[in-house]
Amino acid sequence: MERGELLYEGKAKRVYRTDRPDRYLVEFKDEATAFDGKKRGTIADKGPLNNRISAYFFALLERAGIPTHYVETVGDREMLVQAVTIIPVEVVARNIVAGSLSKRLGLPEGTPLSQPVVEYYYKRDDLGDPMINCSHVVALGLATAEELHRMRELALQVNQVLKEHLEPKGIVLVDFKLEFGRVDGQIVVADEISPDTCRFWDRATGEKMDKDRFRRDLGGVTEAYTAVWRRLTGEEPDVRG
Ligand code: TMP
Ligand code: ASP
């Protein structure tokens, strides 16, 4: 598949056109940012690891009947995806209090939630991705009420599938962020599902196995992402750097 024009460059990925109008190429970078880009760094091998981990989760979701943009892995840092239009709403699902929810509501990190919480954020870097609610989403025309309903339903299904899959592997799914795309009149899970976009805690030790290690300067970031891959597959990742 030919790599065409660079369509979009984000903080962690680049998206290219290909020689097929219905396919994009996603390239995962090693660069990492946090706190609206105020903290910057590079995580060795993050691109190849997130490419593999995302492909693993997208394939898992597809097997569970959840549509995603994933088509196939075509390189160490590259996956081929359906050419979707990204809906500018980040959907966060939470099982346990952590991160911004802990700060906003003054609840200690680790507090279990009696049912999953779904939140919406307006995908606008210049505004720092503000939290919005369902009526903002519809009134601003970011998505229709039907699309919003479907995104919420899919986010809860993804939560169930990921949580149940990770549990026997000793990983607690604390929370995660999804993005959705429109393609052929359908809503599909897009973007990535990786330790950059999820919180994973080791069930036995409570150790963080995700980007919080970078955000909070805990060290061992590549090691944590590698450990996620090892837990998922039982194998060492074959990353070429
Ligand atoms: P938060 O607690 O900072 O709101 O994050 C909730 C989840 O969303 C967490 O798993 C990390 C993920 N996330 C992203 O993927 N991108 C972001 O820009 C932010 C702020 C969070
Ligand atoms: N990626 C986001 C940023 O650069 C935030 C995060 O993941 O914490 O601001």
Side-chain angles (χ1 to χ4, degrees), residues 8-15 26 28-43 46-47 49-51 53-54 57-58 61 68-69 86-113 116-133 136 151-152 154-156 158-163 165-166 171-181 189-202 206-218 221-222 224-225 228:
Y8 168 83
E9 175 151 14
K11 288 175 284 205
K13 296 186 293 298
R14 293 187 189 93
V15 180
V26 177
F28 288 76
K29 307 194 281 187
D30 290 344
E31 280 83 34
T33 66
F35 314 117
D36 298 325
K38 289 193 259 307
K39 181 181 172 79
R40 287 171 183 278
T42 300
I43 299 170
K46 178 170 84 78
L49 284 162
N50 281 356
N51 187 30
I53 294 169
S54 289
F57 284 133
F58 285 136
L61 296 181
T68 79
H69 72 160
I86 293 287
I87 296 173
V89 177
E90 300 191 349
V91 181
V92 169
R94 305 180 184 268
N95 298 303
I96 297 175
V97 173
S100 68
L101 180 61
S102 163
K103 288 209 177 71
R104 193 179 321 113
L105 299 187
L107 295 165
E109 284 206 314
T111 308
L113 293 160
V117 166
V118 180
E119 297 170 353
Y120 307 96
Y121 294 84
Y122 186 16
K123 192 173 153 63
R124 276 280 299 265
D125 277 345
D126 57 331
L127 299 177
D129 297 342
M131 191 178 184
I132 51 177
N133 67 25
H136 293 113
M151 289 194 285
R152 180 186 162 82
L154 286 171
L156 290 169
V158 169
N159 185 45
Q160 204 55 35
V161 171
L162 294 186
K163 209 167 62 167
H165 187 79
L166 291 167
I171 296 178
V172 176
L173 179 65
V174 175
D175 55 32
F176 60 93
K177 183 264 297 180
L178 295 178
E179 293 183 29
F180 292 91
V189 179
D191 193 51
E192 66 178 286
I193 304 177
S194 74
D196 269 15
T197 61
C198 303
R199 284 196 174 93
F200 297 133
W201 291 354
D202 184 344
E207 280 256 308
K208 298 185 195 310
M209 305 176 74
D210 58 62
K211 194 177 165 188
D212 271 347
R213 302 205 71 84
F214 169 78
R215 295 188 189 98
R216 303 179 189 190
D217 294 321
L218 300 175
V221 189
T222 301
Y225 284 46
V228 169

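When a ligand or atom number is given, it counts from 1 through the structure's own listing order.
With respect to the salt-bridge test (charged N to carboxylate O, under 4.0 angstrom), the residues Arg199 and Asp210 do not qualify. Using a 4.0 Å cut-off between charged side-chain N and carboxylate O, Glu109 and Arg216 make a salt bridge.
Aromatic ring orientation, Phe200 versus Phe57: tilted (interplanar angle from 30° to 60°).
At the shortest separation from atom 8 (O) of ligand 2 among protein heavy atoms lies Arg215 NE, 2.6 Å. Protein heavy atom in closest approach to atom 9 (O) of ligand 2: Asp36 N, 2.5 Å. The closest protein non-hydrogen atom to atom 1 (N) of ligand 2 is Lys211 NZ, 3.2 Å. Protein heavy atom closest to atom 4 (O) of ligand 2, with residue, atom name and distance, is Thr33 OG1, 2.2 Å.
Side chains of Thr197 and Glu179 form no contact here, defined as non-hydrogen atoms less than 4.5 Å apart. A heavy-atom distance below 4.5 Å is not found between the side chains of Val97 and Pro108.
Taking a heavy-atom cut-off of under 4.0 Å, ligand 1 is surrounded by Val92, Arg94, Ala98, Gly99, Ser100, Tyr121, Asp175, Phe176, Lys177, Asp196, Thr197, Cys198, Arg199, Arg215.
Lys103 NZ: 12 or fewer foreign heavy atoms inside a 6.0 Å radius. The environment of CZ in Arg104 is crowded: more than 12 heavy-atom neighbours from other residues, nucleotides or ligands sit within 6.0 Å.
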Determine, stepwise, if the pair Phe28 / Lys46 fulfils side-chain contact (heavy atoms from CB on, under 4.5 Å).
CA-CA 8 Å; Phe28 288 76; Lys46 178 170 84 78; over 6 Å; no

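Near Gly37, meaning under 4.0 Å from any of its heavy atoms, are these atoms of ligand 2: 3 (C), 4 (O), 9 (O).
For the pair Lys39 and Phe214, the distance from NZ or CZ to the six-membered ring centre is under 6.0 Å and the angle to the ring normal is within 45 degrees.
By the criterion of a heavy-atom distance under 4.0 Å, neither the backbone nor the side chain of Lys38 is placed next to ligand 2.
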